[in-house]
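Here the structure is a predicted model, which is why all the values come from computation and not from measurement.
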Amino acid sequence: MASRTGKLVVVGHGAAGLAAALSAAEETRRGGAAIEITLLEKAREEEAGGNTRFSPSYMRMASPDRLAPGFDEDLREAAGGRGDAGYFRTLAEHAAPTMAWLQAHGVAFSIPSYYLSVGPPRIQPVGGGGAIVERLGRAAKAANVSIRFESAARRLFVRRGRISGIE
């Protein structure tokens with residue numbers, strides 16, 4: 001019996017899209033699954049990365065392995081008290097492991113000096129969001145993620161309540 005290869009399409013070459021494609025490639029490799037992963041990006045390669053490319057990407061962390069004090073409370077306040085406490089808890093639980101994963105892919109972090117005296121502590125990738133795009137993009141390519149630039153996703157096709165394709 002022939003083995004069937006699954007397919008995954010990720011839309012967007014910013015931090016979220018690159019992290020989704022790369023982590024999917026890593027998980028399938030660990031689990032021995034056969035999956036073809038394609039990342040679609042509407043911009044040209046030299047302009048790809050969405051808002052992440054231009055963001056300083058400050059993160060509410062005291063250091064890459066420790067949350068800033070008041071993390072949960074500040075998120076609730078920023079959401080006007082209407083945020084999902086479970087979601088905030090999940091963010092807090094996964095923050096340090098996510099930073100470690102980024103570091104494992106070559107993203108270095110610094111503590112911006114101007115935040116030492118004003119407001120809660122933050123960390124920032126050295127090189128800002130552009131460094132995240134560059135490092136995760138390189139790692140995704142090395143993990144055999146097919147990246148198609150100048151390929152805008154226009155609509156999803158749904159069949160029997162499930163996404164079955166993309167234009």
Side-chain angles (χ1 to χ4, degrees), residues 8-27 37-44 47-137 139-140 145 147 149 151-158 160-167:
L8 172 67
V9 176
V10 176
V11 178
H13 191 269
L18 285 165
L22 177 55
S23 63
E26 291 172 346
E27 285 299 313
I37 302 170
T38 303
L39 188 146
L40 303 178
E41 169 57 43
K42 68 181 174 180
R44 297 188 322 241
E47 297 172 345
N51 289 333
T52 304
R53 175 178 287 288
F54 303 104
S55 168
S57 296
Y58 298 119
M59 298 170 199
R60 290 293 309 274
M61 306 280 291
S63 66
D65 62 349
R66 198 172 74 248
L67 285 174
F71 181 85
D72 294 348
E73 297 81 23
D74 289 343
L75 287 176
R76 279 193 292 280
E77 184 179 319
R82 295 180 303 271
D84 180 338
Y87 175 72
F88 296 152
R89 200 170 30 259
T90 299
L91 284 177
E93 289 170 7
H94 294 279
T98 299
M99 297 305 109
W101 182 79
L102 288 168
Q103 288 175 310
H105 290 293
V107 178
F109 290 94
S110 66
I111 298 173
S113 59
Y114 45 90
Y115 274 115
L116 292 176
S117 61
V118 179
R122 288 175 169 74
I123 62 170
Q124 175 183 27
V126 175
I132 293 173
V133 171
E134 191 273 321
R135 303 304 185 305
L136 293 186
V145 172
I147 302 175
F149 297 100
S151 300
R154 305 210 186 283
R155 70 179 171 144
L156 299 174
F157 296 99
V158 179
R160 292 187 216 135
R162 296 184 62 151
I163 295 172
S164 59
I166 189 166
E167 176 185 345

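The side-chain heavy atoms of M61 and P121, taken from C-beta on, include no pair separated by under 4.5 Å. Taking 4.5 Å as the limit, some side-chain heavy atom of L40 sits within range of a side-chain heavy atom of I166. Looking at V133 and L18, their side chains come closer than 4.5 Å, going by heavy atoms from C-beta outward. A heavy-atom distance below 4.5 Å is not found between the side chains of V158 and R162. Proximity of S23 to W101: side-chain heavy atoms (C-beta onward) are separated by under 4.5 Å at one or more points.
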inquiry  = Applying side chain to side chain contact (heavy atoms under 4.5 Å, CB included) to L102 and L136, what does each step give before you reach the verdict?
reply    = CA-CA 8 Å; L102 288 168; L136 293 186; 3.9 Å; yes
inquiry  = Test side chain to side chain contact (heavy atoms under 4.5 Å, CB included) on L75 and Y87; report intermediate values, then the result.
reply    = CA-CA 10 Å; L75 287 176; Y87 175 72; over 6 Å; no
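We find the CZ-CE distance between F109 and M99 to be 5.0 Å, quoted to the nearest 0.5 Å. Note that CD1 of I123 and CD1 of I111 are 8.0 Å apart. Values are rounded to the nearest 0.5 Å. For the atom pair CZ of F54 and CD of E47, the computed distance is 7.5 Å after rounding to the nearest 0.5 Å. Distance CZ/R76 to CZ/R82: 14.5 Å, rounded to 0.5 Å. Taking CG from L67 and CE from M59, the interatomic distance works out to 12.5 Å, rounded to the nearest 0.5 Å. Atoms CG and CD, from D72 and E77 in turn, are 13.0 Å apart once rounded to the nearest 0.5 Å.
Nearest heavy atom pair, residue Y58 against residue P112, reads CE2-CG, 3.8 Å. Nearest heavy atoms, L39 versus A21: CD1-CB, 3.8 Å. Across all non-hydrogen atoms, the minimal contact from I147 to G137 is CD1-O, 4.2 Å. Looking at every heavy atom in both residues, L8 comes nearest to A24 through CD2-CB, 3.6 Å. The minimum heavy-atom distance linking T52 with A15 is given by the pair OG1-N, 3.1 Å. The nearest pair of heavy atoms linking P125 to V107 is CB-CG1, 3.8 Å.
With no hydrogens or angles considered, a side-chain donor-acceptor pair links H105 and E26 at under 3.5 Å.
Under a 4.0 Å N-O distance rule, the pair D74/R60 qualifies as a salt bridge. Salt-bridge formation is not detected for the pair R154/E167: no Lys NZ or Arg NE/NH1/NH2 atom is positioned less than 4.0 Å from an Asp or Glu carboxylate oxygen.
No donor-acceptor distance shorter than 3.5 angstrom exists from the side chain of E41 to the backbone of A48, with no hydrogens or angles considered. A donor-acceptor pair is defined here as one N or O able to donate and one able to accept, closer than 3.5 Å; such a pair exists between the side chain of S55 and the backbone of S57. Judged purely by atom type and a 3.5 angstrom limit, R122 has no side-chain atom pairing as donor or acceptor with the backbone of A62. Looking only at distances, a side-chain donor or acceptor of Q124 sits under 3.5 Å from a matching main-chain atom of P56. A distance-only check finds a donor-acceptor pair linking the side chain of S151 to the backbone of F149 [under 3.5 Å].
Within 6.0 Å of atom CD in E93, more than 12 heavy atoms from other residues, nucleotides or ligands are found, so the atom counts as buried in its surroundings.
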